[in-house]
Amino acid sequence: MKKTMKKAAALVLASMMLVGFTACGGSESESKGDTIKIGVNYELSGDVATYGQACTKGIEMAVAEINKDGGVNGKQVEVVKIDNKSDNNEAMSAATKLASKEGVSVMIGPATSGAFKATISAANQYKVPAITCSGTSDDITMKEDGSVQDYIYRLCYTDTLQGSKMAEFASKKLDAKSAIVLADNSNDYSNGLAKAFEAKFKKDGGKVVSTETFTAQDKDFAPVLTKIKDKKADVIYLPGYYTECSLIIKQARDLGIDIPILGADGYDSPSMLETAGKDALKDVYFTNHYAADDKSDVVQNFVKAYKSANNDENPGAFETLGYDAAKFACDAIKRAGSADPQKVAEALASTKDFKAVTGTLSIDKQHNPVKETVVLEFKDGKATFNTKL
């Protein structure tokens, strides 16, 4: 009887220890496996699927290159992919599964700020680092008390930087003295950009003559566009996702609004051209993470490799950011000399002068990258390089 009880107690203790390892991201069991696992949590279906699909495409390309070159620390890299269906609750569930059950060393994604924020609690709970390569909301890497999120890292610039840089472009490159700001009132991404643009534009001496809003998933924007049509302004700042902005731009041009329209990285989608048409996209500019026609060697080498693997198709910013994110993650694993998630997190935080396609970067104390911002311009419907800021 006593021996049986002792055996039972031992089994319970063993089970508790196993759960403990799982709660730490499964690093112990993972490190003994044949592969190093990277979790991929993206919008592969749903409203913003083009973002998630593009990021995932870039990640898989990078992993294929890494594995072809021998992998990381003597092991092949395995992508564990989950579709979050463009839903924040699904994104949270995917992160929990990846961190607690799949034994991943690091997670990449989701694509949008809101969906990525939904995964932060899982990353922190299971102590598995998570990287956003496209979530630009300022507060992603920081807690409410102002301290840094230990397991959260960003590869792209913030909304404040992106909005401020477009205001700088409007003032200095387009010589704009007045602006209309039109933002999505249901979206933190759009509102954050609008706030940053307005603050910087005013600081530089510009005047915001009108601040208006629209709502995601609307189709008819005539009421708000009619309202701003007769307001005298040099530019319109329209931050948001391609789903609404492409329609707004088309309808604005149809109403005779022909002043330059400025946007953000949410414009980076083939759907912009498909919905708006190339004529409507004349005098449309947006901040982005890179330009395929940038002449630097690192960009052109990547573009050549991507086009070779994808029927001569040019990579967009999201494909490129996904590619960079996978290389960034694997570089950290290599420098850590381990696939243990906590050691990988420490290596991510200490990154200096990492040569990404989207620009050489170092990670600052807030887990954000220090890097350049690119402005693209639509010419004949094609997004082309305009300048770097």
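Given the structure is predicted, the values throughout are model-derived calculations rather than measurements.
The backbone N or O of D234 sits less than 3.5 Å from a side-chain atom of S178, completing a donor-acceptor pair. Side-chain atoms of K200 never come within 3.5 Å of backbone atoms of K165 as a donor-acceptor pair (strictly under, hydrogens ignored).
F201 and F197 have parallel rings, their planes meeting at less than 30° on a 0 to 90° scale where 60° marks the start of perpendicular. Ring pair H367/Y153 is parallel by interplanar angle, where below 30° counts as parallel and above 60° as perpendicular. By the 30° and 60° cut-offs, the orientation of the rings of H289 relative to Y157 is parallel.
Remark: the N310 side chain and the E319 side chain contain no N/O donor-acceptor pair separated by less than 3.5 Å. No side-chain donor-acceptor contact under 3.5 Å links Y306 and N301. Defined by atom type and a distance below 3.5 Å, a donor-acceptor pair is missing between the side-chain atoms of E198 and Y237. Between the side chains of S338 and D340, no donor-acceptor pair is found at a separation under 3.5 Å. Side-chain N/O atoms of Q149 and N124 include a donor and acceptor closer than 3.5 Å. Between the side chains of T384 and E377, no donor N or O sits under 3.5 Å from an acceptor N or O.
Listed by chain and residue number, A291, L376, F385, K388 satisfy the side chain to side chain contact (heavy atoms under 4.5 Å, CB included) test with V374 (two or more places apart in sequence, or in another chain).
A salt bridge does not link E168 to K173: none of the charged nitrogens lies less than 4.0 Å from a carboxylate oxygen. Residues K282 and D380 are not paired through a salt bridge, judged by the lack of any N-O separation under 4.0 Å between the basic side chain and the carboxylate. Residues K355 and D353 are not paired through a salt bridge, judged by the lack of any N-O separation under 4.0 Å between the basic side chain and the carboxylate. Ion pair D331/K327 not flagged as a salt bridge, since none of the NZ, NE, NH1 or NH2 atoms sits closer than 4.0 Å to an Asp/Glu carboxylate oxygen.
Taking OG of S86 as the reference point, atom OH of Y51 lies at 10.5 Å (rounded to 0.5 Å). Rounding to the nearest 0.5 Å gives a distance of 8.5 Å between CG of N187 and OG of S113. Separating the OG atom in S137 from the CG atom in D188 is a distance of 6.0 Å, to the nearest 0.5 Å. Atoms CD and OG1, from E78 and T35 in turn, are 4.0 Å apart once rounded to the nearest 0.5 Å. One finds the OH atom of Y290 at 12.5 Å from the NZ atom of K371 (value rounded to the nearest 0.5 Å). To the nearest 0.5 Å, atoms CD (Q366) and CG (D138) are separated by 9.5 Å.
Tested against N288 for a side-chain contact (heavy atoms from CB on, under 4.5 Å), the candidates D268, V375, T373 yield a single pass: D268. For the side-chain contact (heavy atoms from CB on, under 4.5 Å) with I152, the lone residue among L348, I131, T119, I140 that qualifies is I140.
Here the closest non-hydrogen pair linking N191 and A183 is OD1-CB, 4.0 Å.
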